[in-house]
Protein chains: 2
Amino acid sequence: MTPSSAPSDETVHDAPSARQQAVLDAVLALLVEEGDQLTMDAVARRASCSKETLYKWFGDRDGLLTATVRWQASRVHAGRDAKSALDAATLRDRLLDFAVTWLDVIAGRTSVVLNRIAIAHAGSRKSNLGGIVLANGRLAIGGRVKPVLEAGRTAGFLAFEDSETAFRTFLGLVGRDIQIRLLLGDALDLDAAEIRRDAARAVDQFLALYGQARP
Amino acid sequence: MTPSSAPSDETVHDAPSARQQAVLDAVLALLVEEGDQLTMDAVARRASCSKETLYKWFGDRDGLLTATVRWQASRVHAGRDAKSALDAATLRDRLLDFAVTWLDVIAGRTSVVLNRIAIAHAGSRKSNLGGIVLANGRLAIGGRVKPVLEAGRTAGFLAFEDSETAFRTFLGLVGRDIQIRLLLGDALDLDAAEIRRDAARAVDQFLALYGQARP
DNA sequence: GGAACCGCGTACCGTACGGTACGGTACTGG
DNA sequence: CCAGTACCGTACCGTACGGTACGCGGTTCC
């Protein structure tokens, strides 16, 4: 047998190489510009690579899409989780920060397009992009928000039984119908100021529902 | 010229005939069963009609989809708007009724599938199903809820400045992340009991935010 | 009965696109 | 200098599917 039969980066599983990242960025750009009639030909042309290479690296069209979603997810995860002392003002700031970040993400062109792709795929089964998007979007932020909520409860600033329920209420107050409207093609452009306003309103409402003045 | 050149129901514009309704129901059934790889061939077979007839009636595939969305929308609109006397309990009941209805709709297989189609279409421009779905879903219920909210304010039970904002908060509390999760393929099946519980919680929270005890 | 029409079934066409094959070029190690 | 590898560009194949054409049975109107 040949020495070390699988040395190169066939069918990208872990972190994509720089060149592969460039390809995935091309996919994202194409997706944002052209809507979803994304053809392998177009990707190859845009990324200046051959279709054969695409298939070698990503297996098939679904694999390319999956890798793209993963790639985008990997760059969103930035965000520090400072374990600072928790007073009421800090809690509020943390929640506000989450709300702004979340709105920024879901209102972004990239997120909208990727969610459209994932939703379309969820219709016809096979390789669930939906699951990936869900895991990296909603679940990921949930994993970071819920500890904050629980810390707030421990410190006596919040009152709730189930942190999941509280979190979902928070999401509802922040997101409202924004995401679905954007997905359906509603114009509705949010500028940064509007996002901050929305986020602040949502946090106020959340604290009105779940906050308590003092332990 | 032939006597009365356009007597029959070419390219369905207004209400579809009984036969046409049967075709549209076939489309819905197919959509629910088969996901979104809906082919004209499959529709013709399922509805026992010829493709030629489909094209004659609906123009093209988009036309068929549009007619289907319209048809489904037309049957959801049921629901009385009793202009009963408005006391606090009635207001709560009305809101609860809206919440349950809304959750029932968005959690339904048909709604999920139709929204998926519309969202996929919103990506590639052309005939905006998204707009239609939006108009018949969110906007339609908004048109019915907002008067109730305003009546509640007039009667002194609610306090808010902008009824649109209040309504969207209501929607957020009721729907939370349910719709997007379903669209992305999350299992998450809600039975009637859970829906009632969710709706009640949402209404309670809404009244906690916007209600006031007495004028 | 026959003409006109509707609509079903089926065969057919064109094309877009996923996937593959192959020649040509550049780089690397021996 | 040569083999091997990686990868680009392009030509190619197969097929699924949107859309059209046509023949035939049933119904309506004279």
Side-chain angles (χ1 to χ4, degrees), chain A residues 1-12 16-27 30-31 34-68 117 120-121 123-127 129, chain B residues 1-12 16-27 30-31 34-68 117 120-121 123-127 129:
Chain A
M1 58 286 308
T2 56
S4 69
S5 61
S8 71
D9 28 273
E10 305 265 333
T11 60
V12 61
S17 73
R19 183 74 181 93
Q20 290 169 341
Q21 292 178 12
V23 171
L24 298 180
D25 281 333
V27 173
L30 228 34
L31 241 26
E34 302 294 331
D36 70 348
Q37 71 275 36
L38 178 91
T39 72
M40 299 300 276
D41 245 317
V43 173
R45 228 174 308 122
R46 174 67 164 253
S48 293
C49 72
S50 76
K51 287 212 294 178
E52 195 171 25
T53 303
L54 289 183
Y55 285 103
K56 185 174 176 189
W57 283 347
F58 303 103
D60 58 5
R61 189 171 182 276
D62 257 24
L64 177 60
L65 254 24
T66 304
T68 304
I117 298 280
H121 257 73
S124 49
R125 30 225 152 272
K126 71 188 167 186
S127 143
L129 297 184
Chain B
M1 56 287 298
T2 57
S4 69
S5 60
S8 69
D9 27 273
E10 306 266 332
T11 61
V12 60
S17 72
R19 184 73 182 93
Q20 290 170 340
Q21 291 178 13
V23 171
L24 297 179
D25 282 331
V27 173
L30 228 35
L31 240 26
E34 302 293 331
D36 71 347
Q37 71 275 35
L38 179 91
T39 72
M40 298 300 275
D41 245 318
V43 173
R45 228 175 309 119
R46 174 66 164 254
S48 293
C49 71
S50 76
K51 287 210 294 178
E52 194 171 24
T53 303
L54 289 183
Y55 285 102
K56 185 173 175 188
W57 283 348
F58 303 103
D60 58 5
R61 190 171 182 278
D62 258 23
L64 178 60
L65 253 25
T66 305
T68 303
I117 298 279
H121 256 74
S124 49
R125 29 227 153 272
K126 70 187 169 185
S127 145
L129 297 184

| task | Only counting residues at least two apart or in another chain, list the ones meeting salt bridge (charged side-chain N to carboxylate O under 4.0 Å, His left out) with Asp25(B). | result | Arg75(B)
Roughly how far, to the nearest 0.5 Å, is [atom2] of [Y] from [atom1] of [X]?
X: Thr68(B); Y: Leu129(B); atom1: OG1; atom2: CG; result: 9.0 Å
X: Trp57(B); Y: Leu24(B); atom1: CH2; atom2: CG; result: 9.5 Å
X: Asp62(A); Y: His121(A); atom1: CG; atom2: NE2; result: 3.5 Å

Quick one: side chains of residues 40-48 of chain B, donor-acceptor pairs under 3.5 Å with protein atoms, not counting sequence neighbours, listed by atom name and distance.
unit_1: Arg46(B); atom_1: NH1; unit_2: Glu33(B); atom_2: OE1; d: 3.2
unit_1: Arg46(B); atom_1: NH2; unit_2: Glu33(B); atom_2: OE2; d: 2.7

| request: Spell out protein contact along nucleotides 15-22 of chain D as letters: B when the base is contacted, S when just the sugar-phosphate is, - when no protein heavy atom is under 4.0 Å; keep the 5' to 3' order. | output: --SBBBBB
| field | Residue-phosphate contact under 4.0 Å: Trp57(A) side-chain N/O, dC7(D) OP1/OP2 | value | yes
| said: Check the phosphate of dC8(D) against Arg19(A), side-chain N and O only, distance under 4.0 Å to OP1 or OP2. Yes or no? | reply: yes
| task | Round to the nearest Å and state the distance from Arg45(B) atom CZ to dA11(C) atom P. | result | 13 Å
